[in-house]
Amino acid sequence: MKEGTFSLLGKRRFGPFFFTQFLGAFNDNVFRQALILLIASGVVAGTEVNTLNNVALALFILPFFLFSALAGQVADKYDRAMLVRRIKFAEVLIMGCAAAGFFFSSVYFLLAVLFLMGLQSTFFGPIKYAIIPQHLGPRELVTGNALVEMGTFLAILLGSISGVLLKMDAASPAIVSTAVVGLALLGYLAARGIPSAPAADPGSRLDWNLWKETWRIVGYAREVKSVWMCVLGISWFWFLGAAYTTQLKVYVDDYLLGTDGLYALLLGTFSVGIGLGSWLCEKLSGRQVELGLVPLGSIGLSLFGVDLFFSYAGLPKGVELGIGAFLQAPAGWRVLVDLLGIGVFGGFYIVPLFAFIQQRSDPRHLARIIAANNILNALLMVLSAAAGIVLVGLLDLTVPQFFLVLALLNVVVAAYIYTVVPEFLIRLLVWMLTNVLYRIKRKGLENIPDEGPCLLVCNHVSYVDALLLGGAVRRPARFVMFKPIYDLPLMNLIFRGGKAIPIDGKSRNPQVYEEAFRRIREELAAGQVVCLFPEGQLTPDGEVGEFRNGLEKIVKETPVPVIPMALSGLWGSFFSHKGGRALTRLPRRFWSRVVLSAGEPVPPQAVEAEDMRRRVLALREQP
C-alpha cells in the first residue's frame, strides 16, 4: 500500500483517532439496532411499534439541535484529544446504563439512554472533523477524510446488520450488553492513544445562550461563501442518505418482495459503495482537495437514482425473493449496481466537501463550523423523513417514484450550488483536462508557500495554461491574462468564476491596464496567490519570449516573494499556436505528458525581468 493511504492507520497521529471514531459509530448502530429489535418484539403493550421507532429517531437527533452550539464552542476552547477521552469515558458509563436497560427489557429507560448517546455524538461530531487538520498535513486531508468516511459507513453497515450477526432478536440480553459495553471500552482505550490537539481558540468564553450561539456559529459557516455552499452540500447529502436508507426496507418488502437477507445485502451494497467511492476519491484527486469530483458525484447520484426507478420492473412479480433468486435475474444485478453507484458517487461527493471546509475555514472557528453543519444535517434528516411521509404516505407516490423525485431534486440543488460557486465546475473542467488529455508531472510545487501572498511567473504556451496551473497549485490563484484571451466565449465564464484579472497594453487600453494593477495590489494585500505570464502573449514559436517589465512594477508596488514556474510538453497541442493556428486540430493523443516545475522563491528586492526569464528557461530544460 502506498504511503499516505492505508498506511496512515499505522501512525499515532491518525490511527488511534480512526479506531476511536470507527468503534463509536459501530457502537451507536449496534445499540440502536438492538433497541429497534426490542421494540419490535412487542415488550411495550398498547403502543405502536412505528411510533416508538419514530420517537427513538427523534430522541437521537434532538441533542444535535439543542447542544451543537455548545459542543462547537467546547471543541474550539479545549484540547480536543482530552475532550475525546472524556467523551469516550462518558460512553462507557452510558453503555453501562444501557446494559441494565437491556437486562430488564426497559424500553423507556433505553430511550433515555438513546438521548444520552445522541448527546455524546453531538459533542464528538465537531471534534471528529476539526482534529483531522491538526494532525495531518495539507496533502493528507483528502486521505484522512476518505478513511474516516470509509470507516464510518463500514461501522454503520456492521452495526445495522448486527441484529443478524449477533442474533439479538432471540439471544440473551447479556450478549447485547456485553457487546455495547465492550465496544465502548475499546473506544476509550483507542482514545487514550490520540496525541495532544491544542485548543484552537482557548481565550473564547462559553456562551450558554444556545439559541443566540446557534445563529452565531451559522454566521461563522457563512463567512466564506464557498465554505457555506460545502456545508449545504453535505447537509443535502445526509438528506439523500437518510431518504434512501429509510425507504430501503419498504422498497425491499413491498416492491421486491425480498427477505431480510436481501435487505441486508442491498443496505450493505449502498454502504460499501460509499466506502469504495471515498477510497477512489482519494486516488483520483491525487491526494489534494479536488472540488472537481463534487459535480461528478452529483451527476452520478442523479443518473443512478433515476435508473433505480426503472431497474426493479424486470424482477419476478408475486414471489418472495431471497438473495439467490434476486441475483439470478438481470434486473436484480441492475438494482444492485444502481445502489452501488449511488454509494460510490456519494463518496466522490462527500469527501472533498469535508476536506475543503477543513482547508478553507478559519482554524479558530472550525469546530463551530462543523457544529453548524451538524445542526443543518439533523434538520435535513428530519425534513427527509417529513418528505417521505408527505410524498409516500399522503400523496401516494410509490417508493421507486420517491427515488426518482430525489434524483431530480439533486439536479436542482446541484445546479443552485454550482451557479452560486462556479469554482466547483471550474475544478471539474480542470480535473477532466488534467486526467483525460494530459498527464501532469509536478516538480517543486512545495516551493509555493501554504499561506501568505506570493507571485507566480510562468511561460505562456497554450490557452489552457491557467487551468493546468490552477489544477496543480494547492492554493487558489488569481491569474493575470491578456484580455482577448479572457474574453473568449465560454472560457470567459470560467475565468470570471476563478477571479482572473484581465490586462491589456498600456497604450492600447490604459483603463484596463491600470485596473489590472489595482486588482493585483488588492489581491496580494489580501494574502492571495497571483499568477502572471510575463511574456504578455502566447508563444508563437514554442520558445520563451521576453519578460515585460510589468513584473518588476508589481513587486516594486507590493513586495512579495516571486516563484518562477515552467510548463513543458504543451507546444504542438490542440490548445497551442503551433503552425499558426489553435483550436483547429484534434488532440494528437490522450494522456500526453506535461511537466510543471516550480523553482525556489526569489525575494522581491532581487527580482529582475530578464533574471526571472532565465530561471524559467532553466526550469523548462530540466530533465
Side-chain angles (χ1 to χ4, degrees), residues 29 32-44 47-57 156-170 239-273 304-343 381 384-407:
N29 285 276
R32 290 163 63 188
Q33 181 68 14
L35 180 56
I36 288 170
L37 290 172
L38 183 62
I39 292 172
S41 69
V43 296
V44 181
T47 305
E48 285 283 340
V49 170
N50 190 51
T51 299
L52 284 176
N53 283 335
N54 287 329
V55 169
L57 178 62
I156 291 172
L157 168 62
L158 294 176
S160 298
I161 63 176
S162 59
V164 177
L165 296 175
L166 300 177
K167 302 186 184 299
M168 287 187 296
D169 53 346
F239 179 98
L240 288 178
Y244 278 117
T245 54
T246 300
Q247 298 297 331
L248 189 60
K249 187 70 168 71
V250 179
Y251 179 69
V252 171
D253 290 346
D254 296 350
Y255 297 90
L256 304 186
L257 302 181
T259 61
D260 287 343
L262 180 58
Y263 168 66
L265 173 66
L266 296 186
L267 181 64
T269 299
F270 178 74
S271 300
V272 168
F304 283 102
V306 168
D307 193 67
L308 189 61
F309 167 71
F310 298 100
S311 58
Y312 85 102
L315 289 168
K317 302 293 189 295
V319 295
E320 185 179 70
L321 289 179
I323 294 177
F326 179 79
L327 295 180
Q328 286 177 1
W333 282 100
R334 185 175 172 185
V335 169
L336 212 60
V337 169
D338 285 337
L339 286 172
L340 182 69
I342 291 170
M381 289 173 70
S384 173
I389 292 171
V390 172
L391 295 178
V392 178
L394 299 181
L395 299 182
D396 292 328
L397 264 66
T398 65
V399 171
Q401 288 172 339
F402 181 59
F403 290 160
L404 178 62
V405 169
L406 291 177

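Keep in mind that this is a model prediction, so the values were computed, not measured. Positions are given from 1 along the sequence. Values below: all heavy atoms of this structure, side chains included; hydrogens, waters and symmetry mates excluded.
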Cut-off 3.5 Å, no hydrogens considered: what does the side-chain donor-acceptor table look like for residues 335-343, sequence neighbours left out?
| residue | atom | partner | partner atom | Å |
| --- | --- | --- | --- | --- |
| Asp338 | OD2 | Leu308 | N | 3.4 |
| Asp338 | OD2 | Ser311 | OG | 3.1 |

Side-chain donor-acceptor pairs under 3.5 Å in residues 385-399, sequence neighbours left out?
| residue | atom | partner | partner atom | Å |
| --- | --- | --- | --- | --- |
| Thr398 | OG1 | Gln401 | N | 3.1 |
| Thr398 | OG1 | Gln401 | OE1 | 3.4 |

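In this structure, the separation between OG1 on Thr259 and CG on Leu321 is 8.0 Å, given to the nearest 0.5 Å. Rounding to the nearest 0.5 Å places CD1 of Ile156 at 9.5 Å from CG of Leu267. Taken from CD in Gln247 to OH in Tyr255, the straight-line distance is 9.0 Å, to the nearest 0.5 Å.
Sorted by first and then second residue, the ring pair (Phe, Tyr, Trp, His ring centres under 6.0 Å) pairs with a member in residues 304-329 read Phe304-Phe345; sequence neighbours excluded. Applying the salt bridge (Lys or Arg N to Asp or Glu O under 4.0 Å) test to residues at least two apart or on different chains, the pairs with a partner in residues 305-316 are Asp307-Arg334.
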Check step by step if side-chain contact (heavy atoms from CB on, under 4.5 Å) holds for Asp253 and Leu257. CA-CA 5 Å; Asp253 290 346; Leu257 302 181; over 6 Å; no
Could you go step by step and tell me if Tyr244 and Tyr251 meet the side-chain contact (heavy atoms from CB on, under 4.5 Å) rule? CA-CA 9 Å; Tyr244 278 117; Tyr251 179 69; over 6 Å; no
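Here the closest non-hydrogen pair linking Ala329 and Leu315 is CB-CD2, 3.9 Å. The minimum heavy-atom distance linking Ala243 with Ser384 is given by the pair N-OG, 3.1 Å. Considering all non-hydrogen atoms of both residues, Gln33 and Gly159 come closest at CB-O, 3.7 Å. Across every non-hydrogen atom of Ile323 and Gly261, the tightest pair is CD1-O, 3.6 Å.
In terms of the side-chain hydrogen bond (donor to acceptor under 3.5 Å, both in side chains) criterion, Asp254 has no residue partners (sequence neighbours excluded). In this structure Arg32 satisfies the salt bridge (Lys or Arg N to Asp or Glu O under 4.0 Å) test with no other residue, sequence neighbours excluded.
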